[in-house]
Amino acid sequence: MQDFVICLECESPVYTFEWNGSRVTEAVCPACGNDQPSLFATEEEYEELSATTDHERGLDED
């Protein structure tokens, strides 16, 4: 079970959400109001997404 998920709209942590064991099924970001389950990520998923985005921009460290 995750302690929190990260809103991909505003990058805020969200501590109140429903989890089915592998993904978010329900959440509402208190900072921006996002309520789309697919727009929340675990900390690990968020870091992977950030690394991919940085790499695509050419910002990854060598």
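Atoms considered below: every heavy atom in the structure, side chains included; atoms not considered: hydrogens, waters and symmetry mates.
- Nearest approach of Cys32 to Glu9, heavy atoms of both residues: SG-CB, 3.8 Å.
- For the ring pair (Phe, Tyr, Trp, His ring centres under 6.0 Å) condition, the pairs that include at least one residue of residues 7-34, sequence neighbours left out, are Phe4-Tyr15.
- Considering only heavy atoms from C-beta on, Cys7 comes within 4.5 Å of Asn34 through its side chain.
- The CG atom of Leu8 lies 11.5 Å from the CD atom of Gln36; values are rounded to the nearest 0.5 Å.
- No side-chain donor-acceptor contact under 3.5 Å links Glu47 to the backbone of Glu44.
- Side-chain contact between Phe40 and Arg23: absent, with no pair of heavy atoms (C-beta onward) separated by less than 4.5 Å.
- Considering all non-hydrogen atoms of both residues, Thr25 and Pro37 come closest at O-CG, 3.4 Å.
- Note on Leu49 and Ile6: same hydrophobic cluster, where clusters join Ile, Leu, Val, Met, Phe, Trp and Tyr whose side-chain heavy atoms are under 4.5 Å apart, directly or indirectly.
- Asn20 is linked by a side chain to side chain donor-acceptor pair (under 3.5 Å) to Ser22, counting only residues two or more places apart in sequence or in another chain.
- With a 4.5 Å cut-off on side-chain heavy atoms, Val14 and Pro30 count as touching.
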